[in-house]
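All ligand and atom numbering here is 1-based and tracks the order in the structure. Only heavy atoms go into these numbers, but all of them, side chains included; no hydrogens, no water, no symmetry mates.
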Amino acid sequence: MTAGRGRVAPEELRSHQWYGTDGLRSFSHRARTRQLGYLPEEHLGKPVIAILNTWSDINPCHVHLRDRAQAVKRGVWQAGGFPLEFPVSTLSETFQKPTPMLYRNLLAMETEELLRSYPVDGAVLLGGCDKSTPALLMGAASVDLPTVFVPAGPMLPGHWRNEVLGSGTDMWKYWDDKRAGLIGDCEMAELENGLARSPGHCMTMGTASTLTAAAEALGVTVPGASSIPAVDSGHDRMAVQSGLRIVELVWQQLTLSEILTADAYEDAVATVLALGGSTNAVIHLIAMAGRSGVKLTLDDFDRIARTVPVLANLRPGGKYLMEDFHFAGGLPGFLARLTDVLHLDRPTVAHGTMREQLDGALVHDADVIRERDNPLAEEGGVAVLRGNLCPDGAVIKHIAAEPHLLRHTGPAVVFDDYQEMQRTINDPSLALTADHVLVLRNAGPKGGPGMPEYGMLPIPDYLLKQGVRDMVRISDARMSGTSYGACVLHVAPESFVGGPLALVRTGDLITLDVEARLLQLDVPDDELELRRAGWTAPPARYGRGYGALYQDQITQADTGCDFAFLSRQGEVPDPYAG
Ligand code: FES
(Lines give C-alpha, C1' and ligand atoms only; values in the text may rest on other atoms or scores of the structure.)
Protein backbone atom coordinates (compact mmCIF):
# COMPACT_ATOMS: atom_id res chain seq x y z
CA MET A 1 0.00 0.00 0.00
CA THR A 2 2.84 2.39 0.78
CA ALA A 3 4.87 1.35 -2.24
CA GLY A 4 4.58 3.94 -4.96
CA ARG A 5 3.78 6.82 -2.62
CA GLY A 6 5.83 9.88 -3.40
CA ARG A 7 8.43 11.24 -1.04
CA VAL A 8 8.20 14.72 0.37
CA ALA A 9 11.11 17.10 -0.05
CA PRO A 10 13.21 18.02 3.02
CA GLU A 11 11.72 21.52 2.89
CA GLU A 12 8.27 19.99 3.36
CA LEU A 13 9.19 18.32 6.64
CA ARG A 14 7.49 19.78 9.67
CA SER A 15 10.85 20.25 11.38
CA HIS A 16 12.02 22.49 8.53
CA GLN A 17 10.06 25.32 10.15
CA TRP A 18 12.30 25.01 13.20
CA TYR A 19 15.65 24.45 11.51
CA GLY A 20 15.64 25.36 7.86
CA THR A 21 14.34 28.90 7.39
CA ASP A 22 16.31 32.14 7.22
CA GLY A 23 14.91 33.77 10.34
CA LEU A 24 16.30 34.32 13.79
CA ARG A 25 14.35 31.38 15.22
CA SER A 26 15.98 28.86 12.88
CA PHE A 27 19.38 30.39 13.57
CA SER A 28 18.74 29.97 17.29
CA HIS A 29 17.51 26.36 16.90
CA ARG A 30 20.55 25.43 14.81
CA ALA A 31 22.88 27.06 17.32
CA ARG A 32 21.25 25.17 20.18
CA THR A 33 21.51 21.90 18.24
CA ARG A 34 25.26 22.57 17.94
CA GLN A 35 25.17 23.02 21.71
CA LEU A 36 23.73 19.49 21.91
CA GLY A 37 26.83 18.31 20.09
CA TYR A 38 25.45 17.55 16.63
CA LEU A 39 27.06 18.46 13.32
CA PRO A 40 24.76 20.15 10.79
CA GLU A 41 25.06 17.20 8.44
CA GLU A 42 23.79 14.88 11.16
CA HIS A 43 20.36 16.47 11.31
CA LEU A 44 19.64 19.25 8.80
CA GLY A 45 17.18 18.17 6.14
CA LYS A 46 16.53 14.85 7.89
CA PRO A 47 13.32 13.58 9.47
CA VAL A 48 13.34 14.31 13.19
CA ILE A 49 12.07 11.24 15.01
CA ALA A 50 10.83 11.61 18.58
CA ILE A 51 11.27 8.44 20.62
CA LEU A 52 8.80 8.66 23.49
CA ASN A 53 10.12 6.47 26.27
CA THR A 54 8.06 5.36 29.27
CA TRP A 55 11.12 3.78 30.92
CA SER A 56 11.45 4.20 34.68
CA ASP A 57 13.34 2.58 37.54
CA ILE A 58 9.99 1.87 39.19
CA ASN A 59 8.34 0.20 36.24
CA PRO A 60 9.51 -3.42 35.90
CA CYS A 61 7.45 -3.81 32.73
CA HIS A 62 9.46 -1.04 31.03
CA VAL A 63 12.83 -1.27 32.75
CA HIS A 64 14.51 -2.51 29.54
CA LEU A 65 13.19 0.33 27.41
CA ARG A 66 16.29 2.51 27.79
CA ASP A 67 18.16 -0.15 25.82
CA ARG A 68 15.34 -0.45 23.30
CA ALA A 69 15.38 3.29 22.72
CA GLN A 70 19.03 2.91 21.73
CA ALA A 71 18.05 0.18 19.29
CA VAL A 72 15.35 2.41 17.78
CA LYS A 73 17.98 5.15 17.39
CA ARG A 74 20.26 2.74 15.54
CA GLY A 75 17.47 2.13 13.06
CA VAL A 76 16.68 5.82 12.68
CA TRP A 77 20.35 6.75 12.10
CA GLN A 78 20.74 3.92 9.59
CA ALA A 79 17.71 5.11 7.66
CA GLY A 80 18.99 8.68 7.55
CA GLY A 81 16.81 10.21 10.25
CA PHE A 82 17.64 12.24 13.35
CA PRO A 83 16.47 10.50 16.56
CA LEU A 84 15.68 12.40 19.75
CA GLU A 85 14.58 10.59 22.89
CA PHE A 86 11.91 12.15 25.13
CA PRO A 87 11.19 10.76 28.60
CA VAL A 88 7.46 10.68 29.31
CA SER A 89 5.39 9.55 32.29
CA THR A 90 5.53 5.92 33.26
CA LEU A 91 2.30 4.17 34.20
CA SER A 92 3.24 1.21 36.35
CA GLU A 93 0.22 -0.98 36.88
CA THR A 94 1.81 -2.47 39.97
CA PHE A 95 2.93 0.60 41.83
CA GLN A 96 0.84 3.60 40.82
CA LYS A 97 -2.09 4.34 43.16
CA PRO A 98 -4.99 4.64 43.36
CA THR A 99 -4.85 3.33 39.79
CA PRO A 100 -2.80 4.14 36.67
CA MET A 101 -6.13 4.56 34.88
CA LEU A 102 -6.32 7.91 36.65
CA TYR A 103 -3.22 8.90 34.69
CA ARG A 104 -3.89 7.35 31.26
CA ASN A 105 -5.34 10.59 29.99
CA LEU A 106 -2.47 12.57 31.53
CA LEU A 107 0.06 10.56 29.52
CA ALA A 108 -2.16 10.96 26.46
CA MET A 109 -2.10 14.73 26.98
CA GLU A 110 1.64 14.73 27.51
CA THR A 111 2.17 12.68 24.35
CA GLU A 112 -0.02 14.95 22.28
CA GLU A 113 1.41 18.22 23.50
CA LEU A 114 5.00 17.06 23.37
CA LEU A 115 4.73 15.83 19.78
CA ARG A 116 2.95 18.97 18.71
CA SER A 117 5.15 21.52 20.41
CA TYR A 118 8.58 20.19 19.36
CA PRO A 119 10.16 19.90 15.90
CA VAL A 120 8.98 16.36 15.33
CA ASP A 121 8.32 14.75 11.95
CA GLY A 122 7.54 11.25 13.18
CA ALA A 123 7.25 9.35 16.45
CA VAL A 124 8.21 6.00 17.90
CA LEU A 125 6.27 5.17 21.07
CA LEU A 126 7.73 2.76 23.63
CA GLY A 127 5.29 1.24 26.09
CA GLY A 128 3.28 -1.81 27.03
CA CYS A 129 2.25 -1.91 30.68
CA ASP A 130 -1.55 -1.77 30.54
CA LYS A 131 -2.52 1.90 30.16
CA SER A 132 0.67 2.99 28.38
CA THR A 133 -0.36 1.60 25.01
CA PRO A 134 -3.74 3.36 24.78
CA ALA A 135 -2.36 6.54 26.36
CA LEU A 136 0.49 6.87 23.87
CA LEU A 137 -1.69 6.03 20.88
CA MET A 138 -4.53 8.32 21.97
CA GLY A 139 -2.14 11.26 22.23
CA ALA A 140 -0.37 10.43 18.98
CA ALA A 141 -3.68 9.99 17.13
CA SER A 142 -4.66 13.52 18.14
CA VAL A 143 -1.49 14.91 16.53
CA ASP A 144 -1.57 12.60 13.50
CA LEU A 145 2.10 12.29 12.57
CA PRO A 146 3.68 9.17 11.09
CA THR A 147 4.00 6.90 14.13
CA VAL A 148 5.29 3.45 15.03
CA PHE A 149 4.53 1.70 18.30
CA VAL A 150 7.19 -0.48 19.94
CA PRO A 151 5.54 -2.90 22.40
CA ALA A 152 7.54 -3.55 25.57
CA GLY A 153 7.11 -7.32 25.17
CA PRO A 154 6.03 -9.90 27.72
CA MET A 155 8.28 -11.03 30.57
CA LEU A 156 9.47 -14.63 30.77
CA PRO A 157 7.08 -17.23 32.22
CA GLY A 158 7.01 -17.52 36.00
CA HIS A 159 8.17 -20.70 37.69
CA TRP A 160 7.58 -22.34 41.08
CA ARG A 161 8.34 -25.92 42.08
CA ASN A 162 8.10 -27.16 38.52
CA GLU A 163 4.92 -25.23 37.87
CA VAL A 164 4.62 -22.51 35.26
CA LEU A 165 3.16 -19.32 36.73
CA GLY A 166 1.23 -16.59 34.98
CA SER A 167 1.37 -12.94 36.08
CA GLY A 168 -1.57 -11.86 38.11
CA THR A 169 -3.59 -14.98 37.43
CA ASP A 170 -1.47 -17.23 39.61
CA MET A 171 -0.91 -14.51 42.17
CA TRP A 172 -4.69 -14.32 42.77
CA LYS A 173 -4.95 -18.11 42.72
CA TYR A 174 -2.23 -18.73 45.31
CA TRP A 175 -3.37 -15.81 47.44
CA ASP A 176 -6.77 -17.50 47.63
CA ASP A 177 -5.00 -20.78 48.49
CA LYS A 178 -3.21 -19.01 51.33
CA ARG A 179 -6.50 -17.54 52.57
CA ALA A 180 -8.08 -20.98 52.37
CA GLY A 181 -5.17 -22.36 54.47
CA LEU A 182 -3.85 -24.57 51.66
CA ILE A 183 -0.35 -23.03 51.57
CA GLY A 184 1.69 -21.03 54.08
CA ASP A 185 4.30 -18.27 54.35
CA CYS A 186 7.11 -20.53 53.17
CA GLU A 187 5.38 -21.24 49.86
CA MET A 188 4.41 -17.61 49.49
CA ALA A 189 8.05 -16.54 49.91
CA GLU A 190 9.07 -18.89 47.12
CA LEU A 191 6.25 -17.63 44.94
CA GLU A 192 7.44 -14.06 45.48
CA ASN A 193 10.70 -15.01 43.79
CA GLY A 194 9.16 -17.00 40.98
CA LEU A 195 6.26 -14.93 39.70
CA ALA A 196 8.13 -12.28 37.71
CA ARG A 197 11.49 -13.42 36.35
CA SER A 198 12.54 -10.77 33.87
CA PRO A 199 11.77 -7.30 32.53
CA GLY A 200 8.63 -7.06 30.44
CA HIS A 201 4.91 -6.74 30.89
CA CYS A 202 2.58 -9.44 32.25
CA MET A 203 2.88 -12.59 30.17
CA THR A 204 -0.71 -13.75 30.45
CA MET A 205 -3.33 -12.46 28.02
CA GLY A 206 -3.93 -9.63 30.46
CA THR A 207 -4.50 -6.02 29.60
CA ALA A 208 -0.92 -5.39 28.45
CA SER A 209 -0.78 -8.32 26.01
CA THR A 210 -4.31 -7.54 24.83
CA LEU A 211 -3.52 -3.92 24.06
CA THR A 212 -0.17 -4.55 22.42
CA ALA A 213 -1.83 -7.23 20.27
CA ALA A 214 -4.54 -4.70 19.41
CA ALA A 215 -1.83 -2.23 18.40
CA GLU A 216 -0.30 -4.82 16.08
CA ALA A 217 -3.73 -5.67 14.65
CA LEU A 218 -4.36 -1.97 14.08
CA GLY A 219 -1.20 -1.92 11.99
CA VAL A 220 0.94 0.45 14.06
CA THR A 221 3.74 -2.01 14.88
CA VAL A 222 6.10 -3.92 12.67
CA PRO A 223 4.73 -7.42 12.01
CA GLY A 224 5.00 -9.91 14.85
CA ALA A 225 6.20 -7.27 17.32
CA SER A 226 3.70 -7.66 20.12
CA SER A 227 4.53 -11.16 21.37
CA ILE A 228 8.34 -11.04 21.26
CA PRO A 229 9.58 -11.67 24.81
CA ALA A 230 11.04 -8.48 26.25
CA VAL A 231 14.46 -10.03 26.85
CA ASP A 232 14.72 -11.88 23.53
CA SER A 233 17.33 -10.44 21.18
CA GLY A 234 14.55 -10.42 18.61
CA HIS A 235 13.03 -7.61 20.66
CA ASP A 236 16.10 -5.47 20.01
CA ARG A 237 15.93 -6.27 16.31
CA MET A 238 12.24 -5.33 16.25
CA ALA A 239 13.15 -1.98 17.81
CA VAL A 240 15.81 -1.37 15.14
CA GLN A 241 13.30 -2.29 12.44
CA SER A 242 10.82 0.19 13.93
CA GLY A 243 13.49 2.90 13.70
CA LEU A 244 14.15 2.04 10.08
CA ARG A 245 10.44 2.11 9.22
CA ILE A 246 9.55 5.40 10.85
CA VAL A 247 12.00 7.34 8.70
CA GLU A 248 10.47 5.87 5.54
CA LEU A 249 6.98 6.62 6.83
CA VAL A 250 7.93 10.27 7.33
CA TRP A 251 9.26 10.60 3.79
CA GLN A 252 6.01 9.02 2.58
CA GLN A 253 3.92 11.09 5.00
CA LEU A 254 1.89 8.03 5.97
CA THR A 255 0.19 9.41 9.05
CA LEU A 256 -1.68 7.62 11.83
CA SER A 257 -5.09 8.67 10.53
CA GLU A 258 -4.50 6.64 7.36
CA ILE A 259 -3.84 3.56 9.49
CA LEU A 260 -6.25 4.00 12.40
CA THR A 261 -9.41 3.70 10.31
CA ALA A 262 -12.82 2.28 11.19
CA ASP A 263 -11.79 -0.96 9.48
CA ALA A 264 -8.61 -1.14 11.55
CA TYR A 265 -10.57 -0.68 14.79
CA GLU A 266 -13.05 -3.39 13.79
CA ASP A 267 -10.11 -5.71 13.24
CA ALA A 268 -8.58 -4.77 16.59
CA VAL A 269 -11.89 -5.57 18.29
CA ALA A 270 -12.09 -8.93 16.50
CA THR A 271 -8.51 -9.65 17.54
CA VAL A 272 -9.10 -8.82 21.19
CA LEU A 273 -12.24 -10.94 21.30
CA ALA A 274 -10.66 -13.92 19.55
CA LEU A 275 -7.70 -13.71 21.91
CA GLY A 276 -10.05 -13.89 24.89
CA GLY A 277 -8.42 -10.59 25.88
CA SER A 278 -8.94 -8.18 28.73
CA THR A 279 -12.19 -6.34 29.34
CA ASN A 280 -10.10 -3.20 29.77
CA ALA A 281 -9.58 -3.22 26.00
CA VAL A 282 -13.24 -2.28 25.57
CA ILE A 283 -12.70 1.06 27.29
CA HIS A 284 -9.32 1.74 25.74
CA LEU A 285 -10.24 0.90 22.15
CA ILE A 286 -13.36 3.06 22.35
CA ALA A 287 -11.21 5.95 23.63
CA MET A 288 -8.50 5.39 21.01
CA ALA A 289 -11.09 5.22 18.24
CA GLY A 290 -12.61 8.45 19.50
CA ARG A 291 -9.26 10.20 19.08
CA SER A 292 -9.09 8.82 15.54
CA GLY A 293 -12.52 10.21 14.69
CA VAL A 294 -13.99 6.69 14.59
CA LYS A 295 -17.19 5.94 16.51
CA LEU A 296 -16.75 2.59 18.20
CA THR A 297 -19.46 1.42 20.59
CA LEU A 298 -20.19 -1.35 23.06
CA ASP A 299 -22.65 -2.73 20.52
CA ASP A 300 -19.79 -3.12 18.03
CA PHE A 301 -18.01 -5.34 20.55
CA ASP A 302 -21.08 -7.47 21.11
CA ARG A 303 -21.83 -7.72 17.37
CA ILE A 304 -18.26 -8.74 16.52
CA ALA A 305 -18.09 -11.11 19.52
CA ARG A 306 -20.85 -13.15 17.94
CA THR A 307 -18.82 -13.59 14.74
CA VAL A 308 -15.42 -14.64 16.12
CA PRO A 309 -14.51 -17.66 18.23
CA VAL A 310 -11.82 -17.61 20.93
CA LEU A 311 -8.76 -19.20 19.34
CA ALA A 312 -5.96 -18.30 21.75
CA ASN A 313 -5.46 -20.85 24.50
CA LEU A 314 -3.90 -18.34 26.90
CA ARG A 315 -4.31 -17.63 30.58
CA PRO A 316 -6.37 -16.48 32.36
CA GLY A 317 -9.04 -18.15 30.19
CA GLY A 318 -6.78 -20.89 28.81
CA LYS A 319 -3.58 -22.77 29.45
CA TYR A 320 -0.52 -21.12 27.92
CA LEU A 321 1.52 -17.94 28.24
CA MET A 322 2.76 -15.31 25.79
CA GLU A 323 6.09 -16.99 25.10
CA ASP A 324 4.18 -20.09 23.96
CA PHE A 325 1.99 -17.85 21.80
CA HIS A 326 5.06 -16.24 20.26
CA PHE A 327 6.65 -19.52 19.28
CA ALA A 328 3.30 -20.86 18.09
CA GLY A 329 3.25 -18.15 15.40
CA GLY A 330 2.53 -14.92 17.28
CA LEU A 331 -0.07 -12.49 16.10
CA PRO A 332 0.60 -13.01 12.36
CA GLY A 333 -0.12 -16.74 12.75
CA PHE A 334 -3.14 -15.95 14.89
CA LEU A 335 -4.57 -13.36 12.47
CA ALA A 336 -4.02 -15.76 9.58
CA ARG A 337 -6.77 -17.84 11.18
CA LEU A 338 -9.17 -14.88 11.11
CA THR A 339 -8.68 -13.58 7.60
CA ASP A 340 -12.35 -14.05 6.72
CA VAL A 341 -13.40 -11.49 9.33
CA LEU A 342 -10.54 -9.01 8.86
CA HIS A 343 -10.17 -6.05 6.52
CA LEU A 344 -6.96 -7.07 4.82
CA ASP A 345 -6.46 -4.35 2.23
CA ARG A 346 -5.62 -1.59 4.63
CA PRO A 347 -2.28 0.09 5.17
CA THR A 348 0.04 -0.61 8.06
CA VAL A 349 3.32 0.90 9.18
CA ALA A 350 5.14 -2.05 7.65
CA HIS A 351 5.85 -2.51 3.98
CA GLY A 352 2.51 -3.40 2.46
CA THR A 353 -1.04 -4.10 3.53
CA MET A 354 -2.24 -6.35 6.32
CA ARG A 355 -2.91 -8.96 3.65
CA GLU A 356 0.74 -8.86 2.56
CA GLN A 357 1.88 -9.04 6.20
CA LEU A 358 -0.15 -12.16 6.83
CA ASP A 359 0.85 -13.83 3.61
CA GLY A 360 2.78 -16.97 4.57
CA ALA A 361 2.12 -16.58 8.32
CA LEU A 362 2.02 -20.01 9.95
CA VAL A 363 0.79 -21.59 13.17
CA HIS A 364 3.27 -24.01 14.71
CA ASP A 365 1.21 -25.26 17.65
CA ALA A 366 -2.50 -25.86 17.13
CA ASP A 367 -3.16 -26.24 20.84
CA VAL A 368 -1.90 -22.71 21.60
CA ILE A 369 -3.50 -21.10 18.54
CA ARG A 370 -6.53 -23.20 17.84
CA GLU A 371 -8.03 -24.14 14.49
CA ARG A 372 -11.37 -22.51 13.66
CA ASP A 373 -13.11 -25.85 14.07
CA ASN A 374 -11.57 -26.41 17.51
CA PRO A 375 -12.03 -23.11 19.37
CA LEU A 376 -11.84 -22.53 23.10
CA ALA A 377 -15.22 -20.82 22.86
CA GLU A 378 -17.62 -20.46 19.97
CA GLU A 379 -18.00 -16.72 20.56
CA GLY A 380 -15.59 -13.90 21.44
CA GLY A 381 -14.51 -13.61 25.03
CA VAL A 382 -16.46 -10.53 26.16
CA ALA A 383 -20.23 -10.05 26.30
CA VAL A 384 -22.01 -6.70 26.60
CA LEU A 385 -24.94 -6.73 29.00
CA ARG A 386 -27.99 -4.48 29.11
CA GLY A 387 -30.90 -4.18 31.51
CA ASN A 388 -32.33 -1.87 34.13
CA LEU A 389 -29.15 -2.13 36.20
CA CYS A 390 -26.94 -0.93 33.35
CA PRO A 391 -28.94 1.15 30.84
CA ASP A 392 -25.71 2.24 29.12
CA GLY A 393 -24.15 -1.21 29.27
CA ALA A 394 -21.81 -3.41 31.26
CA VAL A 395 -19.33 -6.10 30.26
CA ILE A 396 -18.43 -9.58 31.42
CA LYS A 397 -15.55 -11.82 30.37
CA HIS A 398 -17.72 -14.89 30.43
CA ILE A 399 -15.01 -17.26 29.25
CA ALA A 400 -13.17 -16.64 32.52
CA ALA A 401 -16.21 -17.40 34.70
CA GLU A 402 -17.58 -20.63 36.07
CA PRO A 403 -20.23 -21.66 33.51
CA HIS A 404 -22.97 -22.37 36.06
CA LEU A 405 -22.93 -18.68 37.06
CA LEU A 406 -23.59 -17.33 33.59
CA ARG A 407 -27.31 -17.67 34.24
CA HIS A 408 -27.94 -16.85 37.86
CA THR A 409 -30.41 -15.10 40.09
CA GLY A 410 -29.38 -14.30 43.63
CA PRO A 411 -29.79 -11.82 46.48
CA ALA A 412 -27.54 -8.77 46.43
CA VAL A 413 -25.18 -7.85 49.19
CA VAL A 414 -24.14 -4.26 48.69
CA PHE A 415 -20.88 -2.52 49.59
CA ASP A 416 -20.95 1.25 49.30
CA ASP A 417 -17.26 1.51 48.56
CA TYR A 418 -14.09 -0.53 48.40
CA GLN A 419 -13.02 0.27 51.96
CA GLU A 420 -16.34 -0.94 53.37
CA MET A 421 -16.06 -4.09 51.28
CA GLN A 422 -12.53 -4.78 52.57
CA ARG A 423 -13.60 -4.21 56.18
CA THR A 424 -16.66 -6.41 56.10
CA ILE A 425 -16.35 -9.06 53.40
CA ASN A 426 -15.01 -11.71 55.80
CA ASP A 427 -17.49 -10.91 58.57
CA PRO A 428 -19.39 -14.18 59.15
CA SER A 429 -22.45 -12.24 60.30
CA LEU A 430 -23.07 -11.31 56.66
CA ALA A 431 -23.81 -15.02 56.23
CA LEU A 432 -22.93 -15.00 52.55
CA THR A 433 -23.54 -18.05 50.42
CA ALA A 434 -22.30 -18.97 46.98
CA ASP A 435 -25.66 -17.78 45.62
CA HIS A 436 -25.23 -14.20 46.79
CA VAL A 437 -24.42 -11.48 44.29
CA LEU A 438 -21.68 -9.16 45.54
CA VAL A 439 -22.28 -5.54 44.54
CA LEU A 440 -19.64 -2.82 44.81
CA ARG A 441 -20.44 0.77 44.00
CA ASN A 442 -18.65 4.12 43.86
CA ALA A 443 -15.73 2.56 42.02
CA GLY A 444 -16.42 3.99 38.56
CA PRO A 445 -14.77 6.71 36.46
CA LYS A 446 -15.82 9.59 38.75
CA GLY A 447 -16.52 7.65 41.91
CA GLY A 448 -13.27 5.66 42.08
CA PRO A 449 -12.09 7.92 40.68
CA GLY A 450 -10.37 6.30 37.77
CA MET A 451 -12.25 2.99 37.87
CA PRO A 452 -9.72 1.04 39.94
CA GLU A 453 -9.44 -2.67 39.24
CA TYR A 454 -11.66 -3.64 42.16
CA GLY A 455 -14.07 -5.62 40.01
CA MET A 456 -12.88 -9.09 41.05
CA LEU A 457 -14.33 -8.72 44.55
CA PRO A 458 -12.78 -11.26 46.92
CA ILE A 459 -14.69 -14.37 47.86
CA PRO A 460 -15.11 -14.42 51.67
CA ASP A 461 -12.53 -16.59 53.45
CA TYR A 462 -15.16 -18.87 54.93
CA LEU A 463 -16.62 -19.59 51.49
CA LEU A 464 -13.16 -20.25 50.05
CA LYS A 465 -12.65 -22.82 52.77
CA GLN A 466 -15.90 -24.46 51.65
CA GLY A 467 -14.41 -24.70 48.15
CA VAL A 468 -16.31 -21.78 46.57
CA ARG A 469 -14.07 -20.21 43.92
CA ASP A 470 -16.47 -18.03 41.95
CA MET A 471 -19.50 -15.88 42.63
CA VAL A 472 -21.43 -13.30 40.62
CA ARG A 473 -19.91 -9.91 41.33
CA ILE A 474 -21.15 -6.59 39.95
CA SER A 475 -19.48 -3.19 40.01
CA ASP A 476 -18.83 -0.02 38.09
CA ALA A 477 -15.10 -0.74 38.48
CA ARG A 478 -12.73 -2.44 36.04
CA MET A 479 -10.91 -5.72 36.54
CA SER A 480 -7.32 -6.65 35.85
CA GLY A 481 -6.94 -8.49 32.57
CA THR A 482 -5.25 -11.27 34.51
CA SER A 483 -8.27 -11.73 36.79
CA TYR A 484 -11.11 -14.16 36.36
CA GLY A 485 -14.56 -14.94 37.67
CA ALA A 486 -18.19 -14.06 37.01
CA CYS A 487 -17.49 -10.35 37.38
CA VAL A 488 -19.82 -7.87 35.73
CA LEU A 489 -17.82 -4.71 35.15
CA HIS A 490 -18.04 -1.14 33.81
CA VAL A 491 -21.70 -0.74 34.81
CA ALA A 492 -22.84 2.49 33.17
CA PRO A 493 -23.90 4.97 34.17
CA GLU A 494 -21.88 4.55 37.35
CA SER A 495 -23.40 4.74 40.82
CA PHE A 496 -21.53 7.93 41.75
CA VAL A 497 -23.58 9.90 39.22
CA GLY A 498 -26.83 8.20 40.20
CA GLY A 499 -26.79 5.19 37.90
CA PRO A 500 -29.16 2.38 38.95
CA LEU A 501 -26.33 0.63 40.80
CA ALA A 502 -26.74 3.41 43.40
CA LEU A 503 -30.29 2.19 44.10
CA VAL A 504 -29.58 -1.48 44.83
CA ARG A 505 -30.23 -2.65 48.40
CA THR A 506 -28.96 -5.73 50.15
CA GLY A 507 -31.50 -8.50 49.63
CA ASP A 508 -32.74 -7.30 46.21
CA LEU A 509 -32.72 -10.06 43.64
CA ILE A 510 -30.42 -9.61 40.65
CA THR A 511 -30.50 -11.70 37.49
CA LEU A 512 -27.50 -12.25 35.26
CA ASP A 513 -28.15 -14.04 31.98
CA VAL A 514 -25.15 -13.85 29.68
CA GLU A 515 -26.78 -15.63 26.78
CA ALA A 516 -29.66 -13.15 26.87
CA ARG A 517 -27.12 -10.34 27.51
CA LEU A 518 -29.21 -9.30 30.52
CA LEU A 519 -28.41 -7.72 33.86
CA GLN A 520 -31.63 -7.03 35.69
CA LEU A 521 -32.51 -5.72 39.12
CA ASP A 522 -35.75 -7.43 40.10
CA VAL A 523 -37.27 -4.37 41.76
CA PRO A 524 -40.39 -2.62 40.40
CA ASP A 525 -39.90 0.69 38.59
CA ASP A 526 -42.03 2.66 41.03
CA GLU A 527 -39.94 1.41 43.94
CA LEU A 528 -36.78 2.39 42.08
CA GLU A 529 -38.22 5.88 41.52
CA LEU A 530 -38.86 6.22 45.23
CA ARG A 531 -35.30 5.19 45.98
CA ARG A 532 -34.01 7.62 43.37
CA ALA A 533 -35.93 10.48 44.97
CA GLY A 534 -34.12 9.74 48.24
CA TRP A 535 -30.66 9.40 46.70
CA THR A 536 -27.99 12.05 47.25
CA ALA A 537 -24.72 12.25 45.36
CA PRO A 538 -21.61 11.40 47.38
CA PRO A 539 -19.14 14.27 47.90
CA ALA A 540 -16.33 14.69 45.37
CA ARG A 541 -13.07 13.14 46.52
CA TYR A 542 -10.71 15.82 45.16
CA GLY A 543 -11.02 19.49 46.08
CA ARG A 544 -8.22 20.62 43.77
CA GLY A 545 -5.48 19.51 41.43
CA TYR A 546 -5.39 16.91 38.70
CA GLY A 547 -7.89 14.68 40.54
CA ALA A 548 -10.43 17.50 40.50
CA LEU A 549 -9.86 18.03 36.78
CA TYR A 550 -10.28 14.30 36.28
CA GLN A 551 -13.55 14.13 38.19
CA ASP A 552 -14.84 17.13 36.29
CA GLN A 553 -13.93 15.96 32.79
CA ILE A 554 -13.98 12.17 32.78
CA THR A 555 -16.62 10.51 30.60
CA GLN A 556 -18.40 7.24 31.38
CA ALA A 557 -17.06 3.75 30.69
CA ASP A 558 -19.25 3.12 27.67
CA THR A 559 -17.68 6.09 25.89
CA GLY A 560 -14.08 5.27 26.81
CA CYS A 561 -13.31 7.41 29.88
CA ASP A 562 -11.57 10.09 27.87
CA PHE A 563 -11.68 13.69 29.04
CA ALA A 564 -14.57 15.59 27.51
CA PHE A 565 -12.28 18.43 26.42
CA LEU A 566 -9.88 15.98 24.74
CA SER A 567 -12.40 13.81 22.93
CA ARG A 568 -14.47 16.59 21.40
CA GLN A 569 -13.86 17.92 17.92
CA GLY A 570 -12.11 21.27 17.60
CA GLU A 571 -9.24 23.13 16.02
CA VAL A 572 -5.80 23.25 17.61
CA PRO A 573 -3.56 25.99 16.21
CA ASP A 574 -0.22 25.15 14.61
CA PRO A 575 2.33 25.87 17.36
CA TYR A 576 4.62 27.47 14.85
CA ALA A 577 2.00 29.88 13.52
CA GLY A 578 3.37 33.39 13.97
FE1 FES B 1 2.75 -4.04 33.88
FE2 FES B 1 1.05 -6.21 34.32
S3 FES B 1 2.08 -4.92 35.76
S4 FES B 1 1.68 -5.26 32.49
Item checked: Angle subtended at atom 1 (Fe) of ligand 1 by C61 SG and C129 SG, rounded to 10 degrees -> 110°
Check: Without hydrogens or angle criteria, can the side chains of T99 and R478 be said to hold a donor-acceptor pair below 3.5 Å?
Finding: yes
Next item on the list: Mind running side-chain hydrogen bond (donor to acceptor under 3.5 Å, both in side chains) on Y265 and S292 for me, showing each step along the way?
Entry: CA-CA 10 Å; Y265 279 105; S292 304; 2.8 Å; yes
Checklist line | Which of the ligand 1 atoms, numbered from 1, are nearer than 4.0 Å to a heavy atom of E93 | finding: 3 (S)
Next item on the list: Determine the interplanar angle of the Y454 and Y418 rings, folded into 0 to 90°, and report it as parallel if under 30°, tilted if 30 to 60°, perpendicular if over 60°.
Entry: parallel
Margin query: Just by distance, no angles: are the side chains of D562 and S567 close enough, under 3.5 Å, to form a donor-acceptor pair?
Written below: no
Next item on the list: Say whether D236 and S233, considering side chains only, have a donor N or O and an acceptor N or O under 3.5 Å apart.
Entry: no
Note to self: Distance check below 2.8 Å: does H201 bring an N, O or S atom to atom 2 (Fe) of ligand 1?
What the structure shows: no
Next item on the list: Number the atoms of ligand 1 from 1 as they appear, then name those within less than 4.0 Å of a heavy atom of T94, with their elements.
Entry: 3 (S)
Next item on the list: Check each heavy atom of C202 against ligand 1 and say whether those closer than 4.0 Å belong to the side chain, the backbone, both or neither.
Entry: both
Notebook entry, point to check: Quick one: which ligand 1 atoms are inside 4.0 Å of a heavy atom on A208?
Noted result: 4 (S)
